[in-house]
Amino acid sequence: MPLKRRPIQWPWQALLAVILLGMAAGLWVATKRVNYEWRWERVPQYFAYQAEEPQTSPVAGKVSSISPDGRYSRVEIAPESGGQAVAVAVETDTLKVKAGDPVAAGDDIGAERHWKIGPLTWGLWVTIWISFLSGFFGLIIGLITGLCRLSPNPALRGLAVLYIELIRGTPLLVQIFIFYFFIGTVLDLDRIVAGVGALALFVGAYTAEIIRAGIQSIAKGQTEAARSLGMTATETMLHIVLPQALKRVLPPLAGQFISLIKDSSLVSVIAITDLTKSGREIITSSFATFEIWFTVALLYLLVTSLLSQLLFWLERRFARSD
Amino acid sequence: MIEVKNLIKVFEGRGKPVRAVDDVSTRVRKGEVVVIIGPSGSGKSTFLRCLNGLEAFDDGQVIIDGVDLGDSKTNINTVRREVGMVFQHFNLFPHKTVLENVTLAQRVVRKRKPAEADEKAMKLLTKVGIAEKAHEYPSRLSGGQQQRVAIARALAMDPKVMLFDEPTSALDPEMVGEVLDVMQQLAREGMTMAVVTHEMGFAREVAHRVMFMDAGKVLEDAPPTQFFAAPKEPRAQTFLKQVL
């Protein structure tokens with residue numbers, strides 16, 4: 001009698017650990033060989049940094065007193081011309097004057113610091129909202145094109161096929177250039193509009209095919225049942241076919257939108273400062289080439305995995321009626 | 001109620017076209033139950049589907065309650081409201097609960113208020129004996145229960161005619177009875193019905209008339225007592241010998 005055996009797992013898990021360790025060691029040796037000096041400490045400042053804003057004396061006079069007040073120090077300046085003392089607050093460790101020092105109007109007394117958002121955070125934000133906008137419009141374009149693709153009207157069907165074939169048959173990079181340099185110039189479009197437009201048209205063509213396949217996968221009986229109840233073709237599509245089709249195509253749609261986030265890096269070629277372009281700009285000033293590219297890759301990974309978690313959650317919610 | 005004149009439906013298959021419905025003329029009066037039987041491929045389902053325009057016919061006339069389906073001025077959707085249909089594979093909407101299945105068309109097509117539609121739906125679900133499953137999804141129901149929901153869904157539109165397309169063929173044997181009971185009750189209440197089925201018991205007990213179809217033609221049209229006792233057509237005789 002064949003018994004069901006639990007296969008032994010641990011040797012394979014050990015092998016996996018050895019392979020991963022080996023890869024890490026290889027990476028370490030490789031960077032040693034090219035004499036690369038890792039400077040990870042340079043990276044955080046590109047997410048957010050403290051900007052110093054110099055504080056100057058508004059009047060010519062003499063520093064009459066300095067009174068510490070927590071992180072700040074209150075510097076009081078007695079004007080030469082007499083009258084009321086003027087107070088300036090600066091951070092204690094940036095103080096450049098002592099009590100009794102004479103100051104001219106416009107002299108540095110110290111500085112005030114505050115947090116500023118760094119280019120990596122800005123780039124990430126730009127990437128997120130560009131992807132979101134183009135995904136949103138892409139979905140609408142895809143929905144309309146997918147429906148046209150299935151329309152009995154030859155004109156609509158022909159246009160849909162032409163659009164899908166044109167977009168799927170040419171590289172996105174070329175499409176972005178054409179959209180920006182040709183259509184953008186003719187219609188006088190902003191570079192952001194051109195970038196989002198090109199991405200939306202690109203993702204729309206793929207979405208259209210996904211949605212068409214989804215609609216075709218719904219059994220004919222569903223349409224027949226709805227029509228036999230007196231619903232029009234539009235009502236049937238809206239209430240019966242589309243909800244079921246969209247639920248079914250959620251996994252491939254998720255893949256498409258994750259691709260979109262990654263493909264959005266191509267808009268950096270038309271000087272939109274997204275995450276990729278920010279990374280390139282930072283490298284010219286920091287020389288931390290490896291660190292920045294790894295960080296940029298990790299940030300893309302973070303956004304895409306968050307999105308796939310979100311869609312996974314949606315999928316489970318829709319599975320309620322199964 | 002239903003008037004069919006010289007109905008012809010041709011399927012363009014590979015090679016030669018097939019006349020699925022070949023010059024059929026008949027008439028179903030109000031409150032009459034007509035059962036259509038025949039071997040598979042005889043065109044009985046196609047004939048039934050022509051009666052609510054799910055199948056576009058090639059020639060002839062179908063007149064439902066005075067409205068000509070073939071007339072270009074006829075809005076097929078308004079005709080279909082009055083003609084309920086029950087399918088072999090139920091075709092419930094899987095993404096809607098049982099209650100929503102029965103209320104959806106009431107709200108969308110008949111423009112009834114949600115409360116009114118719910119009330120009507122619950123009344124019908126009680127009638128077909130399945131009210132306690134109102135908030136379940138169809139996938140949680142057995143075949144017999146699903147088919148009863150499908151009947152309630154069709155009845156919710158207050159149809160003047162009900163078409164049944166092999167309503168028990170996809171059911172496990174022990175569930176056939178519950179669906180036939182509902183249909184029998186409908187017949188007693190005076191619903192005009194056209195039923196394609198293989199249930200000879202139902203035909204014998206409930207039908208006012210039995211139509212025997214083969215190769216797209218109606219070969220015999222008689223009351224059940226006469227048809228089952230002494231079929232005239234040799235092909236009907238062979239068929240009955242095989243199924244009884």
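Computed from heavy atoms alone, side chains included, the values below leave out hydrogens, waters and symmetry copies. Every chain is numbered from 1, with letters handed out A, B, ... down the list of sequences.
Put simply, the side chain of A:Arg227 reaches to within 4.5 Å of the side chain of B:Asn77, judged on heavy atoms.
For the pair B:His95 (side chain) and A:His239 (backbone), a donor-acceptor distance under 3.5 Å is present.
For B:Val109, the part lying under 4.5 angstrom from a heavy atom of chain A is the side chain only. For B:His89, no part sits under 4.5 Å from any heavy atom of chain A, backbone or side chain. For chain A, the nearby part of B:Arg49 is the side chain; its heavy atoms alone come within less than 4.5 Å. With a threshold of 4.5 angstrom between heavy atoms, B:Phe87 approaches chain A through side-chain atoms but not through N, CA, C or O. Residue contact with chain B, scored on non-hydrogen atoms closer than 4.5 Å, is absent for A:Ala219.
At most 12 non-hydrogen atoms from other residues, nucleotides or ligands lie less than 6.0 angstrom from CZ of A:Phe132. More than 12 heavy atoms of other shown residues, nucleotides or ligands fall within 6.0 angstrom of atom CZ in A:Arg157. Other residues, nucleotides and ligands contribute only 12 or fewer heavy atoms inside 6.0 Å of the CD1 atom of A:Ile8. Other residues, nucleotides and ligands contribute only 12 or fewer heavy atoms inside 6.0 Å of the CD atom of B:Glu119. Within 6.0 Å of the OH atom in A:Tyr163, the count of heavy atoms belonging to other residues, nucleotides or ligands exceeds 12. The environment of A:Arg316 atom CZ is dense: over 12 non-hydrogen atoms of other residues, nucleotides or ligands sit within 6.0 angstrom. Taking a 6.0 Å sphere around CZ of B:Phe11, one finds it holds more than 12 heavy atoms contributed by other residues, nucleotides or ligands.
Highest contact tally toward chain B, considering only A:Gln222, A:Met231, A:Glu235, is held by A:Gln222 [criterion: heavy-atom pairs under 4.5 Å]. When B:Asn75, B:Leu92, B:Leu163, B:Val79 are compared by the number of non-hydrogen pairs under 4.5 Å with chain A, B:Leu92 comes out ahead.
For the atom pair CE (B:Met157) and OG (A:Ser228), the distance works out to 9.0 Å, reported to the nearest 0.5 Å. Atoms CD and NZ, from A:Gln244 and B:Lys96 in turn, are 9.0 Å apart once rounded to the nearest 0.5 Å.
Among all heavy-atom pairs drawn from B:Phe93 and A:Ala225, the shortest one is CE2-CB, 4.0 Å.
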From CA spacing to verdict: side-chain contact (heavy atoms from CB on, under 4.5 Å), B:Leu104, A:Ile240: CA-CA 10 Å; B:Leu104 180 69; A:Ile240 305 302; 3.4 Å; yes

